[in-house]
Amino acid sequence: MEDEVSVDVLLKENRVFAPPKELIKNSNVKNWMNKHNIKTYDELLLKAKDIEWFWGEVSKDVVEWFKPYDKVLDWNLPWAKWFIGAKYNIVHDALDKHVENWRKNKIAYIFVGEPGDTRKLSFRDLYVEVNKLANALKGLGVRKGDKVGIYLPMIPELPISMLACAKIGAIHSVVFSGFSSKAFRERVNDAEAKVVITCDGFYRRGKIIHLKKQMDEALEWAPSVKSLIIYRRTGHEVQWNEARDHWWHEITAYQPNHCKTEVLDANDPLYLLYTSGTTGKPKGIIHAHGGYAVGTALTLKWVFDIKASDIWWCAADIGWVTGHSYIVYAPLILGATSIIYEGSPDYPKPDRWWSIIEKYGVTVFYTSPTAIRMHMRYGEGWAKRHDLNSIRLLGTVGEPINPEAWMWYYNNIGSERCQIMDTWWQTETGTFVIAPLPLISLKPGSVTKPLPGFEADVYNTKGEKVSQEGGDLIISKPWPAMLRGLYKNPKKYMNYYWNKYPNVYLAGDIARKDKDGYFWIQGRADDVLKVSGHRIGNSEVESALVSHKLVVEAVVIGKPHEVKGESIVAYVVLKEDVEASDNLRIELIEHVVKEIGKIVRPEELWFVKDVPKTRSGKIMRRVIRAVALNKSTGDISTLRNPEAVEEIRKAK
Ligand code: WT7
């Protein structure tokens with residue numbers, strides 16, 4: 001392992017990691033450039049500035065329309081339509097076309113259960129499962145445009161459920177299985193799902209998580225939900241509601257192997273995915289079939305250079321956008337073989353991931369900085385026990401990667417020969433936006449440059465382009481996989497993303513560009529936390545705390561954490577006469593877990609008498625964070641209650 005001194009030296013020298021010649025020569029992107037007589041990376045970026053030409057041209061390589069489009073883009077800020085006039089369904093590219101070609105019996109998914117059970121599903125197997133479930137959904141009355149809520153862990157039935165919905169034109173809304181029943185209920189009610197899909201339970205760190213039980217709690221108040229489908233994963237006893245519940249194996253048992261793929265408009269919605277913003281309620285991001293298919297497939301094909309022979313492992317959870325785009329849709333469209341692993345990365349031992357890579361000969365591996373730091377802490381000895389030579393490319397996503405973690409990953413997992421694709425993107429963008437191609441030299445900690453067909457920049461508060469000094473990260477042209485709005489909230493869509501500067505999309509991140517035009521992401525600009533790469537609004541955790549009967553007020557900040565990136569620190573004001581105690585502290589922490597889920601468990605929770613506020617009563621998170629992190633608070637004389645700053649200072 002590189003020690004800190006050598007990482008320092010490396011950064012001082014501004015060492016760059018040039019891609020191996022063989023990688024460039026054989027890459028999908030280079031192959032495309034050759035066909036289009038484009039010689040260099042810069043020339044590619046320049047040509048792709050004509051986004052309509054570019055996306056029209058690349059779409060030919062990745063998707064098949066039922067009816068071709070008349071026009072590539074219709075841009076009426078903030079509303080984009082892509083591939084106008086095209087008739088399409090993403091399931092045609094993800095499944096149907098493969099069962100008509102040589103891929104029919106190729107493995108689509110290698111599933112590894114946490115207890116060690118495995119299943120391999122060919123494209124044909126997946127096709128049959130999807131069609132049976134699609135027919136069952138139709139039988140339950142699900143029609144085009146209806147919403148289906150999905151609460152499933154990392155088992156093949158999760159992609160199967162998503163594809164079955166998409167096939168019949170229904171809109172899926174997947175909720176991460178680590179979210180609480182309350183969080184699921186909130187999302188399912190907002191989406192007004194008609195049918196929901198779950199399983200009895202799943203395995204996590206050797207224990208069974210009782211998902212059906214959580215679902216039953218969630219559905220205690222979910223008036224739109226008429227039916228529940230339950231896949232049997234663990235086989236333990238579950239409560240049963242005769243009027244509502246159906247076993248997956250029973251409802252699909254006698255369904256035909258074929259189900260018509262609904263012919264949709266390319267701009268029809270494919271799914272909703274809820275994500276956190278600065279307000280207490282999560283927002284439903286809308287993605288559409290056509291542009292999303294082109295965007296996800298092209299970016300995976302070029303950035304991770306996926307070929308027919310690759311074994312691709314995106315070790316994220318399908319409950320987040322990373323999994324939607326790069327475990328489900330893009331790899332299936334490309335006809336790739338992917339790994340789906342159910343459990344914890346370090347169970348039963350810290351080398352679980354490395355043993356899976358060795359066993360299945362994984363060639364391209366994609367994970368998060370937080371996971372890398374966790375493995376770093378266990379030590380490289382665990383990776384050294386395994387032959388990881390099958391790996392040819394690596395990647396990361398979710399938060400800025402510190403150069404130490406980058407070097408560790410490069411040396412110990414990539415054996416000092418694999419490029420690391422650090423991909424910047426968001427639930428809203430649907431695809432990578434700023435990321436390396438196999439053509440570009442890497443600098444540890446930089447996401448390099450916007451991909452061809454994307455235009456991103458950094459603005460100062462006046463809306464001028466800046467470089468070194470840093471500012472707001474913006475995207476200045478529409479892109480095919482961009483969000484198509486916020487569910488039920490068009491006004492908020494405009495205000496949240498398109499209002500700060502004229503004509504550009506506001507990402508919510510702070511970034512800077514170096515002299516070579518490389519982007520360095522520095523973190524969120526708004527009140528959004530990144531805990532182990534998971535996005536969570538400060539205000540969501542605060543609302544959860546305030547919903548407890550003994551709490552009057554709560555403030556949540558993020559504190560740098562060695563492994564998680566950020567950890568949650570909460571300051572809580574209790575009702576008068578309520579005694580602060582360690583038991584109450586534990587109760588409140590558990591209350592947050594129950595309200596939202598384990599991923600947001602506060603690391604610290606302090607009782608204070610008051611929290612710093614402005615004269616108008618706005619809580620000053622910025623000041624609280626500065627005090628908590630021993631930084632300068634700036635002028636606090638304008639606060640209504642400067643003495644509350646002392647309260648925060650004492651709480652350590
Ligand atoms: C936020 C989006 C996109 C899939 C996972 C997260 C941060 C994402 C990077 C990266 C630095 C990154 C940003 C962004 N982020 N990738 N490579 N380097 N920061 O999706 O939950 O929508 O979060 O994650 O802050 O805004 P998400």
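Everything numeric in this text was worked out from a predicted model, so none of it was measured. Read the numbers this way: they start at 1 and go in the same order the structure lists the ligands and their atoms.
- Residue contacts with ligand 1: Gly523 is placed with no nitrogen or oxygen under 3.5 Å of a nitrogen or oxygen of the ligand (distance criterion only).
- Listed by atom number, the atoms of ligand 1 under 4.0 Å from Arg535 heavy atoms are 2 (C), 21 (O), 22 (O), 23 (O), 27 (P).
- Around atom 10 (C) of ligand 1, the closest heavy atom drawn from Thr423, Val528, Thr396 belongs to Thr423.
- Aromatic ring centroids of Trp313 and Phe304 lie 6.0 Å or more apart.
- Between Trp320 and His534, the two ring planes are parallel [angle under 30°; tilted spans 30° to 60°].
- Taking the centre of each ring, Tyr505 and Trp479 come in below the 6.0 Å mark.
- Under 4.0 Å from ligand 1, not a single heavy atom of His534 appears.
- With a 4.0 Å cut-off on non-hydrogen atoms, Val447 touches ligand 1 through its side chain and not its backbone.
- The distance from atom CG of Asp190 to atom NZ of Lys281, rounded to the nearest 0.5 Å, is 4.5 Å.
- For the pair Arg352 and Tyr341, the cation-pi test (distance below 6.0 Å, angle within 45°) is failed.
- For an aromatic pair to be called close, the ring centres must be under 6.0 Å apart, and Trp312 with Tyr326 fails this.
- Between Thr431 and Thr296, the shortest heavy-atom distance links the atoms CG2-N, 3.3 Å.
- In terms of protein heavy-atom proximity, atom 8 (C) of ligand 1 is closest to Trp425 O, 3.3 Å.
- Between Thr275 and ligand 1, not a single N/O pair is under 3.5 Å apart.
- Short contacts between ligand 1 and Pro400, defined as distances under 4.0 Å to a heavy atom of the residue, involve ligand atoms 11 (C), 18 (N), 19 (N).
- Residue Glu399 touches ligand 1 through its backbone alone, judged by heavy-atom distances below 4.0 Å.
- Taking the six-membered ring where the residue is Trp, the centroids of Phe454 and Trp424 are separated by 6.0 Å or more.
- The aromatic rings of Tyr378 and His375 are tilted relative to each other, their planes meeting at an angle between 30° and 60°.
- Relative to atom 6 (C) of ligand 1, the option among Lys530, Gln426, Met421 with the closest non-hydrogen atom is Lys530.
- Using a 4.0 Å cut-off to heavy atoms of Val397, the atoms of ligand 1 that qualify are 3 (C), 4 (C), 5 (C), 16 (N).
- Ranking the protein heavy atoms by distance from atom 16 (N) of ligand 1 puts Gly398 N, 3.1 Å first.
- Those atoms of ligand 1 with a heavy atom of Val321 less than 4.0 angstrom away are 4 (C).
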Identify every side-chain donor-acceptor pair in residues 327-334 under 3.5 Å, counting partners at least two apart or on other chains, and give the distances.
{"unit_1": "Tyr329", "atom_1": "OH", "unit_2": "His172", "atom_2": "NE2", "d": "2.8"}

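- Nearest to atom 14 (C) of ligand 1 by heavy atom, out of Thr322, Asp509, Leu273, is Asp509.
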So Tyr459 and Lys500, side-chain contact (heavy atoms from CB on, under 4.5 Å) or not? Walk me through it. CA-CA 11 Å; Tyr459 276 13; Lys500 183 158 178 186; over 6 Å; no

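- When heavy-atom distances to ligand 1 are checked against a 4.0 Å cut-off, Thr429 has no atom that comes that close, whether in backbone or side chain.
- Using a 4.0 Å cut-off between heavy atoms, Thr427 contacts ligand 1 through both its backbone and its side chain.
- Counting the atoms of ligand 1 from 1 in the order shown, those under 4.0 Å from a heavy atom of Arg524 are 14 (C), 25 (O), 26 (O).
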